[in-house]
Amino acid sequence: MIKKFKNSNAVAFIVQTIIIFLLISILVIIYFILRKDNKIYKNNSNEYSSINLIKENNLIKQTDAEMVHPPKNEYQYMIQTLSNLADSYDQSNSILLCLQFIRRNKYNNNSWNTVAGNIDSNFINYIQKNNIDLYNYDFDSISILDKKSNFPVDFVHMCATLNSYIYLGDISFSRFSGWAGDLTTLMEQVISYNNNNKTKDELLEYTTDLLATTNTSKHSNFGISDMLADIDAVNLYNIFTSKSTTFYNLICNYYYTDNYNISNREYYFKLSLEKSDKTIENAVINTFTGIINSRLIKQLLSEKNYLEYTKNYNLYNNIMATAFNNYFSKYQLE
């Protein structure tokens, strides 16, 4: 009887030991999992890593709410108010509604409605009824400076272009609402400058001098503020397609936190075009090629210059492609 009791104690002791060991093992595993996750979410300086955010879409989705900061000035407050009202009106289309509202006074003709969709007039009335200050706010007054050039992004132009990308996707049609359209208006200046007596090198030098220039006295059709808007629209579209977010979070996290490393905006734009078209030059040539795209170019050029373009389109397409490629080739990841 005593022997049986001792054996029972031994068995119980072994079972308890195994249970304790398993519990300790589970706790150790949980500890290392949490520690590993913490390393993924934060870098050594205890700040969010922009590189991880670019590479890990799931990480972007999970941390989006944590990255947002409260509005710090009037236009951030207006963007937040617009975002909240759009969510209340139609959360499934709230970002498109915000972009439509911002572009409504400047980019709202038949051509823009074709590439960016018709503006929801009921939503405009909804804003007017619920917040008259927002309804009357001048979004053209928003000044978001680029630290490299110290020039502002054309915010309304950026929103109109982003509206087109979200409405159509990244296709040649939507590109003409942004960088391709601006390149075409720059080509208008280049063709006028040519007068059939300039060499290809002279035309390329002239194009390069005007492209994204900070010298406003040159009256470029494609200055730095337009370039910044076109770049940001593409980058924001890529973020939009990779994560679920609100308009306020999308804008403020891009411009006012280090999570997307805005100093590398040109580099990420270049990567996006290289991913879709292999090279920047291919992106320009592919976008300018085709019957439909030729009609878009016709709308943006004067009748005289379009006639000249049709006679020498290979020359002008190659000049624009080379200048555009040269501009972005100097940007590497910082």
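In what follows, residues are counted from 1 in the order of the sequence shown.
Ring centers of F324 and W179: under 6.0 Å apart, within the cut-off. A distance below 6.0 Å separates the ring centres of Y193 and Y206. A ring-centre distance under 6.0 Å is found for Y137 and F139.
Side-chain N or O atoms of N136 include one that pairs as donor or acceptor with a backbone N or O of I132 at under 3.5 Å. Remark: side-chain polar atoms of K106 are not paired, donor with acceptor, to backbone N or O of V156 under 3.5 angstrom. Without hydrogens or angle criteria, T161 side chain to S177 main chain gives a donor-acceptor distance under 3.5 Å. Here the side chain of S225 pairs a donor or acceptor atom with the backbone of P152 at under 3.5 angstrom. The backbone N or O of S302 lies less than 3.5 Å from a partner atom in the side chain of E188, making a donor-acceptor pair. A distance-only check finds a donor-acceptor pair linking the side chain of K270 to the backbone of Y331 [under 3.5 Å]. With D146 contributing its side chain and S149 its backbone, the two residues share a donor-acceptor pair below 3.5 Å. Using a distance-only test at 3.5 Å, with no hydrogens or angles considered, no donor-acceptor pair links the side chain of E274 to the main chain of I280. A distance-only check finds no donor-acceptor pair linking the side chain of N249 to the backbone of T245 [under 3.5 Å].
With a 6.0 Å radius and a threshold of 12 heavy atoms from other residues, nucleotides or ligands, E202 has its CD atom above the threshold. When the shell of 6.0 Å around NZ of K278 is examined, it contains 12 or fewer heavy atoms from other residues, nucleotides or ligands. When the shell of 6.0 Å around CD1 of I292 is examined, it contains 12 or fewer heavy atoms from other residues, nucleotides or ligands. Atom CZ of F328 sits in a crowded spot, with more than 12 heavy atoms from other residues, nucleotides or ligands closer than 6.0 Å.
Side-chain atoms of I191 and Y306, non-hydrogen and from C-beta on, never get closer than 4.5 Å to each other. For the pair F173 and Y167, the minimum side-chain heavy-atom distance is 4.5 Å or more. Here the side chains of Y89 and L97 are in contact, with some heavy-atom distance below 4.5 Å. Using a 4.5 Å heavy-atom cutoff, the side chains of M158 and D154 are not in contact. Here the side chains of L315 and L203 are in contact, with some heavy-atom distance below 4.5 Å. In this structure, the side chains of K243 and I239 come closer than 4.5 Å at one or more pairs of heavy atoms. Looking at I297 and M187, their side chains come closer than 4.5 Å, going by heavy atoms from C-beta outward. For the pair V234/Y165, a side-chain contact is recorded, criterion being any heavy-atom separation below 4.5 Å from C-beta on.
Defined by atom type and a distance below 3.5 Å, a donor-acceptor pair is missing between the side-chain atoms of N215 and T213. Inspection of the T279 and N282 side chains reveals an N or O donor paired with an N or O acceptor under 3.5 Å. Checked by atom type, the side-chain pair N286/T289 shows no donor-acceptor distance below 3.5 Å. In this structure, a donor-acceptor pair under 3.5 Å is absent between the side chains of D87 and N84. Side chains of D90 and S92: a donor on one and an acceptor on the other come within 3.5 Å.
Looking at residues two or more places apart in sequence or on another chain, you find a side-chain contact (heavy atoms from CB on, under 4.5 Å) between S111 and N109, Q299.
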*Run the numbers on Y327 and M227 for side chain to side chain contact (heavy atoms under 4.5 Å, CB included), then give the verdict.*
CA-CA 11 Å; Y327 178 81; M227 178 64 85; 3.9 Å; yes

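Of all non-hydrogen atoms in T207 and M320, the two that sit nearest each other are CG2-CE, 3.8 Å. Smallest separation of non-hydrogen atoms from Q76 and N73: N-OD1, 2.9 Å. Between Q100 and N118, the shortest heavy-atom contact is NE2-O, 3.5 Å. Residues N131 and L134 share a closest heavy-atom pair of OD1-N, 2.9 Å. Closest approach of F247 to S83, counting heavy atoms only: N-OG, 3.5 Å. The two residues N194 and Y316 come nearest to each other via the heavy atoms ND2-OH, 2.7 Å.
Expressed to the nearest 0.5 Å, how far CD1 of I285 lies from CG of N325 amounts to 10.5 Å. I79 contributes atom CD1, which lies 10.0 Å from atom CG of L250 (distance to the nearest 0.5 angstrom). Put simply, CD on E74 and OG1 on T81 are 10.0 Å apart, with the number rounded to the nearest 0.5 Å. Between atom CD1 of residue I144 and atom CD1 of residue I251 there is a gap of 7.0 Å, rounded to the nearest 0.5 Å. Here OG of S174 is found 11.0 Å from CD1 of I166. Values are rounded to the nearest 0.5 Å.
R175 has no carboxylate O lying under 4.0 Å from a charged side-chain N of D182, or vice versa, which leaves the two without a salt bridge. Salt bridge annotation for K330-E266: absent, with no cationic side-chain nitrogen under 4.0 angstrom from a carboxylate oxygen.
Identified under the side chain to side chain donor-acceptor pair (under 3.5 Å) test for residues 226-238, with sequence neighbours left out: H157-D230, D232-Y254, D232-Y255, D232-R265, N235-Y254, N238-S272.
Relative to the six-membered ring of F101, R104 meets both conditions, a distance below 6.0 Å and an angle of at most 45° to the axis.
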Just list the side-chain donor-acceptor pairs under 3.5 Å for residues 121-130, sequence neighbours left out, or say none.
residue : atom : partner : partner atom : Å
N125    : ND2  : S121    : O            : 3.3
N130    : ND2  : Y126    : O            : 2.7

